[in-house]
> 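Would you mind keeping the following structure in view while I ask a few things?
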Number of protein chains: 2
Amino acid sequence: MEDALTLLRRFGIQPTPQRIAVVEYVLNTAAHPAADEVLENVRRKCPTVSRATVYNTLNLLVEKRLIRSQVLREGTTVFDPSIEKHHHFVDDESGRIVDIPWKALKVIGQENLRGFEVREYQVIVRGRRRKTR
Amino acid sequence: MEDALTLLRRFGIQPTPQRIAVVEYVLNTAAHPAADEVLENVRRKCPTVSRATVYNTLNLLVEKRLIRSQVLREGTTVFDPSIEKHHHFVDDESGRIVDIPWKALKVIGQENLRGFEVREYQVIVRGRRRKTR
DNA sequence: GTTCGTGCAAACGGTTTGCAACAAT
DNA sequence: ATTGTTGCAAACCGTTTGCACGAAC
C-alpha cells in the first residue's frame, strides 16, 4: 500500500498534513463518505482541520482523479476511492452504499444506443441487505 | 390523456388550482425538472404560486406515487413523470436527462447478488448526445 | 367552525467563497 | 517576493418549516 505522501506527490498535489490525513482516511474506507463524515473522521487524527479544507481537498482529489464523486445519496455528494469501473448497491434503510464488482453484472445493449456517445455507465441497485448469511 | 383534475382525484389528492398547474406541467414534460424549473414553468400559467407550494405538491405527488424523484443531478432532486421502470442517460455537458426504455438495455446477474434483496435497479449512462442523426 | 392548502419569510443543511494569516518555494 | 494553503466566517443554494390568512368541507 503506497503511503499518502508519495501518492499525493505522484498526483502533483502538494502534500500537507491536512491533505495527508484526508487521503489516509478516504482511501482506506469502504464506506462512501460524504464530506462531513470525512471531516469528522479526519479530525480524530488532526483535530484542527477545517471544514473548508476538507471540501477543498476532496474537490482537488476528484479533479486530479485520485477519487471520484458520486451522485448516489439524496442531498449530498459521496466520495468513492474506487477508481475502477464498478456498480453500486444502495441500502434503502441506512443509505449505506456498497460496491458491486464490475463483472458481477453485465449490461447488454448500451453499445447500440443510437444518438448517444457513451462515456460511462453503471448499474445502481437499491434494496435491502439480507439478514441471512 | 386523463386530465389533471380527475387524475388528482383518482389519487386522493384534493385538487387546487396550484396542484393542477403543477401536475399539468410535470406530467407533460420529458425534461426531468428540478423543483425550481417546475416553479418557473408553473408560474407562467399561475403567477402567484409560491415556492413552498410547489415543493409541497411535488413531495405529495411522490408520496402518492404519481411521479418519482430521482437522484441524478448533483445538488438537486429531479422529478420524473415516468412511473414504469426505465434507465437514464445524463448528458455530460448540459446535465439534460433522457429516458432509456427498459427493453433497450438488459442487465444480467442482479438475480444472483448474494446478500442483497433487490427492490429495483437501473442503468445510468453518461456521455454526450451525438450531433449526427 | 374545523380542517386543509397557500404564501411568505425564516430556518436549515450541504457546499462554496472571500479574506487575512501563514507556510513553502 | 511570490505563490499556495489554511481556518474562519459569511455567503449561497436547494429544501423544509412555522405561521397566519383564506378557502373548502
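Quick caveat, the model's predicted, so the values are computed rather than measured. In what follows, chains are A, B, ... by sequence order, proteins preceding strands, each numbered from 1.
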> Does a salt bridge link B:D36 with B:R51, judged by any charged N lying under 4.0 Å from a carboxylate O?
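Salt bridge between B:D36 and B:R51, a charged N being under 4.0 Å from a carboxylate O: yes.
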
> Identify the heavy atoms of B:V26 and B:P33 that sit nearest to each other, and give their distance.
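Where B:V26 meets B:P33 most closely, the heavy atoms are CG2-CG, 4.2 Å.
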
> Are the side chains of B:R129 and B:F89 in contact, using a 4.5 Å heavy-atom criterion?
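Yes, at least one pair of side-chain atoms sits under 4.5 Å.
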
> Contact between B:Q18 and B:I20 at the side-chain level, heavy atoms closer than 4.5 Å - yes or no?
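B:Q18 vs B:I20: side chains apart.
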
> Does the side chain of B:T16 get closer than 4.0 angstrom to OP1 or OP2 of C:dC4 through an N or O atom?
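The answer is no; no side-chain N or O of B:T16 sits under 4.0 Å from OP1 or OP2.
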
> Can you name the nearest heavy-atom pair linking B:A104 to A:L113, along with the distance?
CB-CD2, 4.4 Å

> Between B:I13 and B:L61, is there a side-chain heavy-atom distance shorter than 4.5 Å?
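A side-chain contact under 4.5 Å exists here.
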
> Going by heavy atoms closer than 4.0 Å, what residues in residues 41-49 of chain A are next to DNA chain D?
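Here the set is A:T48, A:V49.
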
> Show me the donor-acceptor pairs, under 3.5 Å and distance only, between side chains in residues 96-103 of chain B and residues at least two apart or in other chains.
from: B:D99; atom 1: OD1; to: B:H32; atom 2: NE2; distance (Å): 2.7
from: B:D99; atom 1: OD1; to: B:H86; atom 2: NE2; distance (Å): 3.2
from: B:D99; atom 1: OD1; to: B:H88; atom 2: NE2; distance (Å): 3.3

> To the nearest Å, how far apart are B:R73 CZ and D:dT15 C1'?
16 Å

> How large an angle, rounded to 10°, do the end axes of the helix from C:dG1-D:dC25 to C:dT25-D:dA1 enclose when each is built from five base pairs?
10°

> Which whole-number value in Å describes the distance from A:L58 CG to C:dG14 P?
14 Å

> Walk along nucleotides 15-24 of chain C from 5' to 3' and tag each nucleotide B, S or - by protein heavy-atom contact under 4.0 Å, base first, then sugar-phosphate.
BBB-------

> So that I can tick it off, tell me whether B:R119 and A:D92 are bridged by a salt bridge, with the cut-off set at under 4.0 angstrom between side-chain N and carboxylate O.
yes

> So which atom in B:V90 and which in B:G95 form the shortest heavy-atom distance, rounded to 0.1 Å?
CG1-O, 4.0 Å

> Ignoring hydrogens, what is the shortest heavy-atom contact between B:Q110 and B:V118? Give both atom names and the distance.
O-CG2, 3.9 Å

> What are the two closest heavy atoms between A:A35 and A:F79, and how far apart are they?
N-CE1, 4.1 Å

> Enumerate the residue pairs fulfilling salt bridge (Lys or Arg N to Asp or Glu O under 4.0 Å) with a member in residues 66-79 of chain A, sequence neighbours excluded, ordered by first and then second residue.
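Those involving residues 66-79 of chain A are A:E37-A:R73, A:R68-A:E120.
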
> Between A:L105 and B:G109, which heavy-atom pair has the shortest distance, and what is it?
CD2-C, 3.5 Å

> Would you jot down, in residue-number order, the residues of residues 18-26 of chain A having a non-hydrogen atom under 4.0 Å from DNA chain D?
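By residue number: A:Q18, A:R19.
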
> If I take atom CD1 in residue A:I13 and atom P in nucleotide D:dT5, what distance separates them, rounded to the nearest angstrom?
10 Å

